Peer 1: 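This is the structure I have questions about; it appears just below.
Heavy-atom basis, side chains included; hydrogens, waters and symmetry copies ignored. The shown structure was predicted, so the numbers you read here are calculated from the model rather than taken from an experiment.
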Amino acid sequence: MFETWLPLIAGLALLVAGGELFVRGSVQAAERLGISPLVIGLTLVGFGTSMPELVTSVRAGLSGSPGIAYGNIVGSNIANMLLIAGVSALICPVVVAEAALRRDAVVMFAVAALFALLILLLPMSRAAGAMLVGTLVVYVWLVIRQERVSGAHGAIHDKGAALLQADPALGRTPPRKQGMIVPIMVVLAGLGLVVLGGAQLVSSAVALARSFGVGETVIGLTIVAVGTSMPELVTSLIAALKRQGDVAFGNVVGSNIYNILGIGGATALIAPSWVPGEIAGFDAPLMVGITAVLVLFAATGRRIARWEGLALLAGYGGYLYVLWP
């Protein structure tokens with residue numbers, strides 16, 4: 001068992017470290033190219049914490065393990081809403097920004113419902129993947145336009161802000177004299193680590209499923225999903241400890257939108273397949289229901305209270321109890 005757990009933990013560590021290096025190098029390169037901080041925050045920084053999920057799901061799809069690939073996506077979203085939002089609300093009641101609720105939370109629910117319906121009726125083909133990725137591109141473009149005009153920040157901005165709080169060095173403008181060589185090398189090093197970590201995590205997850213005598217889907221929905229969501233957990237906890245619950249909520253909402261549209265779409269584009277029946281028939285509809293509950297909690301009084309956070313955590317405990325034999 002030790003020989004199985006150690007490679008899995010090592011794979012997770014490589015994913016997290018590689019994701020951070022990738023974001024750091026990408027941000028520095030973008031700043032040198034004169035890209036605005038708003039665009040950097042809504043794209044490179046916001047997407048950076050989703051790198052572990054992206055690489056793991058794509059690698060699992062290519063390895064012929066759709067249960068891990070799509071279990072990671074659905075399980076990460078469920079963990080984001082029940083575990084991460086629940087713990088954040090327990091630490092500090094989560095205040096919900098108007099833009100994050102009216103625009104982004106509605107989008108989160110809509111894409112969750114679309115994804116659940118899509119995987120129930122059709123295989124995740126390259127056409128479906130292109131549609132999801134295209135929807136993400138349009139959504140981010142519209143968000144950038146709106147936030148440039150109104151100045152009111154939503155969930156995608158808060159996802160980037162949460163990472164900047166966890167790693168303030170990302171927000172510091174590097175010396176121009178360094179040129180592009182260093183940032184590019186950092187980006188390549190980060191990509192190398194996440195690819196290596198993703199391969200290690202997938203192979204270890206398959207071995208772990210065999211040793212426990214459970215399906216790969218269960219491992220993908222739980223251990224892999226929680227492991228790849230560690231960046232979101234850390235950044236949301238830091239935001240909650242700093243009494244910035246709105247950032248914690250935006251981080252969860254932004255991550256869920258990226259997971260479904262970006263990671264689900266990229267996985268289908270690169271490794272098209274049917275989604276396992278247990279995910280399509282149970283976990284994905286449950287994800288939609290949990291999304292509705294989270295939006296309802298957020299809409300009542302524009303905050304998620306501590307008792308609601310406790311209810312979310314209890315829900316995650318119940319979900320794990322149902323999944324594991």
Side-chain angles (χ1 to χ4, degrees), residues 41-42 45-46 48-50 75-112 143 146-147 150-168 170-171 225-226 228-260 286-321:
L42 292 177
V45 178
T49 54
S50 294
S76 289
N77 278 21
I78 291 175
N80 284 344
M81 293 183 288
L82 296 182
L83 176 62
I84 297 176
V87 172
S88 298
L90 275 180
I91 294 173
C92 174
V94 174
V95 178
V96 180
E98 194 71 20
L101 179 64
R102 289 185 176 273
R103 182 190 66 201
D104 303 310
V106 171
V107 170
M108 176 180 67
F109 178 79
V111 299
V143 168
Q146 289 180 7
E147 296 196 6
S150 66
H153 298 308
I156 302 299
H157 173 273
D158 290 338
K159 179 173 166 58
L163 181 57
L164 288 173
Q165 286 186 355
D167 187 1
L170 282 173
V226 172
T228 57
S229 294
M230 285 305 294
E232 282 86 359
L233 176 60
V234 171
T235 53
S236 288
L237 288 181
I238 290 174
L241 289 169
K242 292 185 176 181
R243 299 291 188 250
Q244 293 183 318
D246 56 332
V247 173
F249 178 76
N251 188 33
V252 168
V253 173
S255 296
N256 280 17
I257 293 172
Y258 270 122
N259 284 349
I260 291 176
L286 180 65
M287 175 185 68
V288 177
I290 294 169
T291 305
V293 170
L294 182 67
V295 174
L296 179 63
F297 281 176
T300 53
R302 298 295 189 270
R303 70 201 299 266
I304 301 175
R306 282 193 171 91
W307 74 266
E308 291 170 325
L310 184 61
L312 292 173
L313 271 178
Y316 194 63
Y319 175 65
L320 294 180
Y321 178 79

Peer 1: Nearest 0.5 angstrom please: Ile84 CD1 to Ser255 OG, how far?
Peer 2: 7.0 Å

Peer 1: Tell me every residue that passes side-chain hydrogen bond (donor to acceptor under 3.5 Å, both in side chains) with Tyr316, counting only those two or more places apart in sequence or in another chain.
Peer 2: none

Peer 1: Might you point out which heavy atoms bring Ala105 and Val253 nearest each other, and give the distance in Å?
Peer 2: N-CG1, 4.0 Å

Peer 1: Go through Met108 and Asn77 one step at a time and tell me if the side chain to side chain contact (heavy atoms under 4.5 Å, CB included) criterion holds.
Peer 2: CA-CA 10 Å; Met108 176 180 67; Asn77 278 21; over 6 Å; no

Peer 1: For residues 293-300, which side-chain N or O atoms pair as donor and acceptor with protein atoms under 3.5 Å away, sequence neighbours left out?
Peer 2:
from	atom 1	to	atom 2	distance (Å)
Thr300	OG1	Leu296	O	3.3
Thr300	OG1	Phe297	O	2.9

Peer 1: Side chain to side chain contact (heavy atoms under 4.5 Å, CB included) with Phe109: which residues, sequence neighbours excluded?
Peer 2: Val288, Thr291, Ala292

Peer 1: Determine the minimum heavy-atom distance between Ala89 and Ala305, stating which atoms define it.
Peer 2: CB-O, 3.8 Å

Peer 1: Tell me the side chain to side chain donor-acceptor pair (under 3.5 Å) pairs involving residues 79-92, sequence neighbours left out?
Peer 2: Asn80-Asn256

Peer 1: What heavy-atom pair brings Leu90 and Gly309 nearest, and what distance separates the two atoms?
Peer 2: CG-C, 4.4 Å

Peer 1: Tell me every residue that passes side chain to side chain contact (heavy atoms under 4.5 Å, CB included) with Ile91, counting only those two or more places apart in sequence or in another chain.
Peer 2: Val87, Leu237, Ala240, Leu241, Arg243

Peer 1: What closest approach, in Å, do Ala79 and Val226 show between heavy atoms, and which atom pair accounts for it?
Peer 2: CB-CG2, 4.3 Å

Peer 1: Can you find a heavy atom in the side chain of Leu82 that is under 4.5 Å from one in the side chain of Leu313?
Peer 2: no

Peer 1: Just how far is it from atom CG of Asp104 to atom CD1 of Ile257, taken to the nearest 0.5 Å?
Peer 2: 5.0 Å

Peer 1: Would you find more than 12 non-hydrogen atoms of other residues, nucleotides or ligands less than 6.0 Å from Arg306 atom CZ?
Peer 2: yes

Peer 1: What pairs with Arg302 under salt bridge (Lys or Arg N to Asp or Glu O under 4.0 Å), at least two apart in sequence or on another chain?
Peer 2: Glu98

Peer 1: Are Met81 and Met287 packed together at the side-chain level, in the sense that at least one heavy-atom pair is separated by less than 4.5 angstrom?
Peer 2: yes

